[in-house]
Amino acid sequence: MIELNGTFFAQIINFLILVVLLRAFAYKPVVNMLKARQDKIQESLDKADADAAEADKLLAEYKAKLAAATKKAEEIQKNAEKRAAEFREAEEQKVKADIEQMKKSAQADIERDRAKAVEKLRTEMVALSMAAAGKIIAKNLDAADNEALITEFVDKLDKDKIGDLPC
């Protein structure tokens with residue numbers, strides 16, 4: 001059994017003093033250190049959560065900006081394509097109008113040159129007719145000679161002056 005003597009009580013008192021001393025000098029600093037470490041870890045976790053939330057927010061903003069920029073780029077491209085098509089169409093219309101104008105101008109030149117040629121031919125025909133008439137009157141030939149002279153004149157006129165132009 002346990003003997004209750006003075007050493008027993010001294011050991012209990014020593015144990016209680018040791019517990020009080022350990023609690024004062026060892027337990028409280030260790031608990032305070034653990035509490036500080038727990039607070040620091042919690043603070044780090046809170047900061048990490050806040051940083052993650054901020055990163056998500058920034059990512060969403062960047063995605064929105066990227067989508068807006070992409071949309072704007074597509075609009076710019078569509079506008080550029082539309083302007084290019086309009087410009088191409090306008091240039092085609094201008095070229096067609098220029099070609100039509102050139103055709104009309106060329107046709108007018110052809111008609112004017114043809115009219116000049118016909119007028120020149122008529123002038124030469126009148127001159128030749130006058131020369132033939134002068135020859136007929138000068139010779140004062142009989143009907144057979146007159147007919148031969150006129151036939152010769154018409155043949156010469158057909159061959160030399162008219163060519164392939166219709167009269």
Side-chain angles (χ1 to χ4, degrees), residues 28-167:
K28 283 189 179 181
V30 170
V31 169
N32 288 340
M33 183 182 69
L34 290 176
K35 178 70 173 152
R37 185 170 177 197
Q38 182 181 6
D39 290 344
K40 186 177 178 182
I41 291 171
Q42 186 62 42
E43 182 181 320
S44 295
L45 289 174
D46 292 343
K47 187 173 188 231
D49 289 342
D51 288 346
E54 182 69 23
D56 289 342
K57 180 182 171 186
L58 288 175
L59 180 62
E61 288 178 11
Y62 290 142
K63 283 182 180 180
K65 286 180 182 179
L66 180 62
T70 302
K71 184 177 179 181
K72 187 173 183 179
E74 288 174 358
E75 288 176 10
I76 289 171
Q77 182 181 5
K78 285 179 184 178
N79 287 338
E81 288 173 356
K82 182 180 176 184
R83 287 181 188 159
E86 289 172 356
F87 179 76
R88 185 174 43 252
E89 184 67 28
E91 287 298 314
E92 286 176 2
Q93 292 298 326
K94 183 179 176 184
V95 168
K96 286 179 182 178
D98 289 347
I99 289 172
E100 285 299 317
Q101 183 63 32
M102 287 180 195
K103 283 182 181 178
K104 288 178 183 178
S105 176
Q107 189 67 29
D109 288 346
I110 290 169
E111 287 297 322
R112 187 175 53 249
D113 290 346
R114 186 174 183 270
K116 284 182 184 178
V118 168
E119 186 60 33
K120 186 176 179 184
L121 183 61
R122 282 184 186 160
T123 304
E124 289 180 10
M125 283 178 61
V126 168
L128 287 174
S129 295
M130 292 300 281
K135 283 185 182 181
I136 291 173
I137 292 173
K139 283 190 175 182
N140 208 1
L141 303 172
D142 64 354
D145 288 337
N146 284 340
E147 186 69 32
L149 189 58
I150 291 172
T151 304
E152 177 186 334
F153 170 72
V154 170
D155 288 342
K156 184 178 178 184
L157 182 67
D158 284 345
K159 186 172 96 179
D160 294 339
K161 300 299 178 188
I162 296 176
D164 62 348
L165 291 175
C167 290

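In what follows, residues are counted from 1 in the order of the sequence shown. Below, each value reflects all heavy atoms present in this structure, side chains not excepted, and no hydrogens, waters or symmetry copies.
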(request) Sort and list the pairs that fulfil side chain to side chain donor-acceptor pair (under 3.5 Å) and have at least one residue in residues 82-96, not counting sequence neighbours. (result) Glu89-Gln93

(request) With sequence neighbours left out, write down each residue that passes salt bridge (charged side-chain N to carboxylate O under 4.0 Å, His left out) with Lys104, or none if nothing qualifies. (result) none

(message) Among residues at least two apart in sequence or on other chains, which ones pass side chain to side chain contact (heavy atoms under 4.5 Å, CB included) with Lys40?
(response) none

(request) Only counting residues at least two apart or in another chain, list the ones meeting side chain to side chain donor-acceptor pair (under 3.5 Å) with Gln42. (result) Asp46

(request) Could you list the residues that satisfy side chain to side chain contact (heavy atoms under 4.5 Å, CB included) with Glu61, not counting sequence neighbours? (result) Lys57, Leu58

(message) Within this structure, what is the CD-CG distance for the pair Glu100 and Asp98, rounded to the nearest 0.5 Å?
(response) 10.5 Å

(request) Could you list the residues that satisfy side chain to side chain contact (heavy atoms under 4.5 Å, CB included) with Ile99, not counting sequence neighbours? (result) Val95, Lys103

(request) Applying side chain to side chain donor-acceptor pair (under 3.5 Å), name anything that partners Glu81, two or more places apart in sequence or on another chain. (result) Gln77

(request) With sequence neighbours left out, write down each residue that passes side chain to side chain donor-acceptor pair (under 3.5 Å) with Asp109, or none if nothing qualifies. (result) Arg112

(message) My understanding is that only residues two or more places apart in sequence, or in another chain, count here; which of them pass side chain to side chain contact (heavy atoms under 4.5 Å, CB included) with Leu59?
(response) Lys63

(message) Using the salt bridge (charged side-chain N to carboxylate O under 4.0 Å, His left out) criterion, which residues pair with Asp39? Sequence neighbours excluded.
(response) Lys35

